[in-house]
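Below is one structure; the comments refer to it alone.
FYI, the numbering just counts along the sequence from 1. Read the numbers this way: they start at 1 and go in the same order the structure lists the ligands and their atoms. Only this structure's heavy atoms are used, side chains among them; waters, hydrogens and symmetry mates stay out.
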Amino acid sequence: MTKLNKKFAVLGHPISHSLSPKIHQYFASQFGINLDYQRIDVESTNFKKTLSDLKQEGYEGLNITLPLKNLAYEICDELSLRAEQAKSVNTISIKNDKLLGDTTDGLGLITDLLIKNISLANKKILVIGAGGASNGVMFDLISQHPQAIFLTNRTITKSHDMAEYWASLAKDNDVLLNILSLKEDITFDLIINATSSSLGNGSVIFPENLKGYFWYDMMYGKQTPFLLKAEQNKAKFSDGLGMLVEQAAAAFNIWHHQKPDTKSIYEIL
Ligand code: ATR
């Protein structure tokens, strides 16, 4: 009898350009695991029903991407501490008819930064954006014990809400959490763009005259206005492809209990 492939998928909308199937198939090949990894286009309105269908069809794990991560957080039966704090789920394991939600985005970001020799302990970090993407990585950023995390956003009231939400975890970890003020003249060790500004066609609104040693855009695949600014400032910079790969590796580890080698994947992507 032939062994059936393990069934996995990535769900989002739009989803046609997702690199997740390629990444997971490559990881699986390192361990001789046979995977069936699909891309499934789902809108928010059909998400709950689709999850229930996939459960019935014997899927073992699902990656969740935009715009469904917060909805997944609401629907999952059980959550990891990370997912609960971030209010975001990008990795679902299906076990005993239950949806177990976790998030590996923050871990993906930290791991990629470490690979790029950027450690966060005692550093000053600026996070631009106050939506799902920025909140999704705050738990892991704080856990790295930076000296300070500054927040800013086009709609600044959302940064204040975000600071209030993360205040207690930051305090427990001795991390100063501040809203960026235009009066301050700080050179950040790391500036992270967690906005979706590069997706839109309109103008990109960031604070003027930012100064930082390393600029990281969580987007990947194109020269964003943020990275252009980094280049103009003669700073070091990176897009978020490494974060994508490392969040996938962390999800792979949750499902298969194996740590894939991620160095060799960039030629394939
Ligand atoms: P995501 O889940 O990707 O974070 P989101 O929750 O819609 O998506 O949040 C998008 C973030 O990108 C917000 O911080 C948003 O700023 P506002 O809160 O002011 O809307 C930010 N953003 C989107 N377009 C932007 C632009 N053109 N310039 C600057 N920030 C932008």
Inset, instruction - For the residue pair Ile64 and Thr91, establish whether any side-chain heavy-atom pair is separated by less than 4.5 Å. - result: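 The answer is no; the side chains never approach within 4.5 Å.
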Legend entry - Side chains of Pro146 and Lys124 in contact at under 4.5 Å (non-hydrogen atoms):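 They are not in contact (no side-chain heavy atoms under 4.5 Å apart), so the answer is no.
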Inset, instruction - Count the heavy atoms belonging to other residues, nucleotides or ligands that lie under 6.0 Å from CD of Glu57, then report whether that count exceeds 12. - result: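 More than 12 heavy atoms, drawn from other residues, nucleotides or ligands, come within 6.0 Å of this atom.
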Legend entry - Greater than 12 external heavy atoms within 6.0 Å of Lys236's NZ: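 Not more than 12 within 6.0 Å, no.
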Within ligand 1, which atoms have a heavy atom of [X] less than 4.0 Å away?
X: Gly132; result: 1 (P), 2 (O), 4 (O), 6 (O)
X: Gly129; result: 14 (O)
X: Val204; result: 27 (N), 28 (N)
X: Gly131; result: 4 (O), 6 (O), 9 (O), 14 (O)
X: Thr155; result: 17 (P), 18 (O), 19 (O)
X: Lys158; result: 17 (P), 18 (O), 20 (O)

Polar contacts were defined as any N/O atom of the residue lying under 3.5 Å from an N/O atom of the ligand; does this apply to [X] and ligand 1?
X: Ala133; answer: yes
X: Arg154; answer: yes
X: Ala130; answer: yes

Legend entry - Step-by-step salt bridge (Lys or Arg N to Asp or Glu O under 4.0 Å) determination, Arg82 to Asp140: CA-CA 8 Å; Arg82 269 192 174 82; Asp140 290 280; 2.7 Å; yes
Legend entry - Matching residue for Met218 among Ile192, Ile128, Thr224, Asp112 - test: side-chain contact (heavy atoms from CB on, under 4.5 Å):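 So the option named by the test is Ile192.
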Inset, instruction - Report the relative orientation of the aromatic rings in His24 and Tyr37; use parallel for angles under 30°, tilted for 30 to 60°, perpendicular for over 60°. - result: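 Parallel.
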Inset, instruction - Report the member of Thr195, Asn153, Asn70 with the shortest heavy-atom distance to atom 22 (N) of ligand 1. - result: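 The nearest heavy atom belongs to Thr195.
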